[in-house]
Number of protein chains: 2
Amino acid sequence: MEYQEAKEKFISTWGSLGTLWGINKAMAQIQALLFISTKPLSMEDIMEQLQISRGNTSMNLRQLMDWGIVTKELIPGERKEYFTTEKDVQELARIIAKERSRREIQPVVKVLKEVSSIKDDGTEKTKELIKQTKALYDLTETADAMLNKIVNQQQNWITKSLIKLIK
Amino acid sequence: MEYQEAKEKFISTWGSLGTLWGINKAMAQIQALLFISTKPLSMEDIMEQLQISRGNTSMNLRQLMDWGIVTKELIPGERKEYFTTEKDVQELARIIAKERSRREIQPVVKVLKEVSSIKDDGTEKTKELIKQTKALYDLTETADAMLNKIVNQQQNWITKSLIKLIK
DNA sequence: ATAAGCTTTCAATAATTATTGAAAGTTTAA
DNA sequence: TTAAACTTTCAATAATTATTGAAAGCTTAT
């Protein structure tokens, strides 16, 4: 497999993965392109390489910047804006985990907490609702906490020994 | 908040969460409904409570059964089929993590491995592609392994102490 | 102040994905 | 064997989501 083919394969795979976890294709592909680029790219570069429109590029770059994954790079003497993405995968994972927790998990946890706190009127169905949503609440909280801790305290002794233990 | 309101809130929240990780709304809502039901439900029951069509119900129940989350329950003397979902959240998490790993993560890992194995022609861009996809490959593999181990070895001593450490 | 060079916005449109409902299929009881 | 009771399938349609491109908005140089 040659460079060009490998590159295209990587970008398209990463793009379709994005769709699966709630990020659109263009956004994931732009990030992928920047991720393997050796230098910052301009909007023109991105539009051309991914064959997408200017508007699409602009909107998705903005979203990536909101996530904190992509940053503007100003090149002295150049009028155009250039973009780069976080290149360290550990840091990338940390940012993504944090954002997803904030945007998706926390709102659900909030509802689970509310629902599991309704007053117990003694009926079987109410007891079941409380019991099951409480169980989901505990699970979600724990999973979320673990995820965040793990990606945050990257490579400290806990993580290192954990990885050894479970690998 | 009364039972009915709490129930609706739970089902709709769980439903929209589904969309976020690649499961459609109806599928997630059916699972949610069964999850808090005290007894198995028939297709009619589900259709009525969620206000969705027969075809939709049938197709999504089938998918949930493919995932191994929902099972048919035959009630003696009854012609209709009844359905229940896995009620233990730990087991539910285990099934979902395993299925998602198989369906989504593994195919990506495969591509990352292929791409990161192209021959190094010495150019800077090829070196970068190899380096970055290799880093993603390692991260994804480790994260996937951790996820699977954690949900599989539920509540063994490692998990218990880990939870204590990071909570 | 004006124009060139670039970015953002957003209504229109395209593409994708979910849902319906009626016909076809299956199983059981009589 | 027939019919009633139920489930599945799938083409048509609806709903949602992504994309375009042209106009409006900035910013900088002259």
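These figures come from a predicted structure and were not determined experimentally. Per chain, numbering begins at 1; letters A, B, ... match sequence-line order.
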A.B. asks: Can you list the residues that meet the side-chain contact (heavy atoms from CB on, under 4.5 Å) rule with A:Ala28, with sequence neighbours excluded?
C.D. replies: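 A:Ala28 satisfies side-chain contact (heavy atoms from CB on, under 4.5 Å) with A:Ile23 once adjacent residues are dropped.
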A.B. asks: I'd like to check the side-chain contact (heavy atoms from CB on, under 4.5 Å) partners of A:Glu114; sequence neighbours left out, ordered by chain and number.
C.D. replies: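 Partners of A:Glu114 by the side-chain contact (heavy atoms from CB on, under 4.5 Å) criterion, ordered by chain and then number, come out as A:Lys110, B:Met1, B:Lys9.
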A.B. asks: With sequence neighbours left out, what residues match B:Gln29 under side chain to side chain donor-acceptor pair (under 3.5 Å)?
C.D. replies: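 Result, side chain to side chain donor-acceptor pair (under 3.5 Å) vs B:Gln29: none returned.
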A.B. asks: Tell me, which pairs form a salt bridge (Lys or Arg N to Asp or Glu O under 4.0 Å) where one or both residues lie in residues 61-80 of chain A, sequence neighbours left out?
C.D. replies: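 Listed by first then second residue: A:Lys72-A:Glu81.
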A.B. asks: Heavy-atom contacts under 4.0 Å between residues 55-71 of chain B and DNA chain C, which residues?
C.D. replies: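 Of all residues in residues 55-71 of chain B, the ones placing a heavy atom under 4.0 Å from DNA chain C are B:Gly55, B:Asn56.
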A.B. asks: Is a donor on one side and an acceptor on the other found under 3.5 Å between the side chain of B:Ser101 and the backbone of B:Ala97?
C.D. replies: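 No, because the side chain of B:Ser101 does not come within donor-acceptor range (under 3.5 Å) of the backbone of B:Ala97.
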A.B. asks: Show me the pairs that pass salt bridge (Lys or Arg N to Asp or Glu O under 4.0 Å) and involve residues 24-45 of chain A, at least two apart or across chains.
C.D. replies: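 Matches after skipping sequence neighbours: A:Glu44-A:Arg54.
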A.B. asks: With heavy atoms of chain A within less than 4.0 Å as the criterion, where does contact along DNA chain D begin and end?
C.D. replies: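 Footprint of chain A along DNA chain D, 5' to 3': D:dA18 to D:dT28.
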A.B. asks: Which sits closer to the 5' end of DNA chain C, A:Ser42 or A:Lys25, going by the nucleotide each is nearest to?
C.D. replies: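 So the residue in question is A:Ser42.
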A.B. asks: Would you kindly give the CD-to-C1' distance between A:Glu78 and C:dC6, to the nearest whole Å?
C.D. replies: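 My rounded result for the distance is 12 Å.
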A.B. asks: To the nearest 0.5 Å, how far apart are CG in A:Leu61 and CZ in A:Phe83?
C.D. replies: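 Between atom CG of A:Leu61 and atom CZ of A:Phe83 there are 4.5 Å.
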A.B. asks: For A:Ser53 and for B:Tyr82, find the nucleotide of DNA chain D with the closest heavy atom, then tell me which residue's nucleotide is more 5'.
C.D. replies: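 With A:Ser53 and B:Tyr82 compared, the 5'-side residue is B:Tyr82.
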A.B. asks: Is the backbone N or O of A:Leu33 less than 3.5 Å from a side-chain atom of A:Ser37, with the two atoms forming a donor-acceptor pair by type?
C.D. replies: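 Absent.
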A.B. asks: Holding to side-chain contact (heavy atoms from CB on, under 4.5 Å), I want the full list of residues that pass it with B:Thr71, two or more places apart in sequence or in another chain.
C.D. replies: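 Testing B:Thr71 for side-chain contact (heavy atoms from CB on, under 4.5 Å), a comparison that skips the adjacent residues, returns B:Thr84.
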A.B. asks: Does A:Asp121 have any side-chain contact (heavy atoms from CB on, under 4.5 Å) partners at least two apart in sequence or in another chain, and if so, which?
C.D. replies: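 Listed in chain order: A:Thr123, A:Thr126.
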A.B. asks: Group every Ile, Leu, Val, Met, Phe, Trp and Tyr by side-chain heavy-atom contacts under 4.5 Å, then state whether A:Ile96 and A:Phe35 land in the same group.
C.D. replies: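 Yes; A:Phe35 is reachable from A:Ile96 via cluster members.
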A.B. asks: Partners of B:Lys98 by side chain to side chain donor-acceptor pair (under 3.5 Å), sequence neighbours excluded?
C.D. replies: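 Result, side chain to side chain donor-acceptor pair (under 3.5 Å) vs B:Lys98: none returned.
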A.B. asks: For B:Glu141 and B:Val109, indicate whether the former's side chain and the latter's backbone hold a donor-acceptor pair under 3.5 Å.
C.D. replies: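 Pair absent, no side-chain N/O of B:Glu141 close to backbone of B:Val109.
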A.B. asks: Which atom pairs link the protein and nucleotides 23-28 of chain C when you take only N or O atoms and keep those under 3.5 Å?
C.D. replies:
residue: C:dT27; atom: O2; partner: B:Arg79; partner atom: NH2; Å: 3.1
residue: C:dT28; atom: O2; partner: B:Arg79; partner atom: NH2; Å: 3.1

A.B. asks: Heavy atoms within less than 4.0 Å of DNA chain D: which residues of residues 7-18 of chain B have one? Give them sorted by number.
C.D. replies: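 DNA chain D contact set from residues 7-18 of chain B: none.
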